[in-house]
Amino acid sequence: MNALLEKALAEQARLSEVEQEAIATLILDEIGAERGWEERFAKTEDQLGALVRLARAEVARSDAVSGNSSNSTK
């Protein structure tokens, strides 16, 4: 555990039980949300890579710069 977290937990220990529970819930919720983002990102990494490759190909053909995408409708 790093020094900042140790300091934060020491301060939290001085609070009432209700306040400690509230802060602990916030911390655990934040950790859970971060893990959720990491899992969702990992699942879409291949799709993001494909989009990057497509965008690079469009730029190489100057489609993205000129606005002449092969997907555009006229």
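- Under the side-chain hydrogen bond (donor to acceptor under 3.5 Å, both in side chains) criterion, no residue pair touches residues 45-54, with sequence neighbours excluded.
- For residues 30-40, the set of pairs meeting the side-chain hydrogen bond (donor to acceptor under 3.5 Å, both in side chains) definition, not counting sequence neighbours, is empty.
- We find the CD-CG distance between Gln12 and Leu5 to be 9.5 Å, quoted to the nearest 0.5 Å.
- Taking the side chain to side chain donor-acceptor pair (under 3.5 Å) definition, one finds that Ser16 meets it with Glu19, sequence neighbours left out.
- Clustering of Ile, Leu, Val, Met, Phe, Trp and Tyr side chains at separations under 4.5 Å leaves Val18 isolated, with no partner residue.
- Among residues at least two apart or in separate chains, salt bridge (Lys or Arg N to Asp or Glu O under 4.0 Å) pairs with a member in residues 3-17 are Glu11-Arg14.
- Side-chain heavy-atom separations under 4.5 angstrom define the hydrophobic clusters, and the remaining members of the one that includes Ile27 are Leu15, Ile23, Ile31.
- For the pair Leu4 and Asn2, the tightest heavy-atom approach, listed with the atom from each and the gap, is N-OD1, 3.1 Å.
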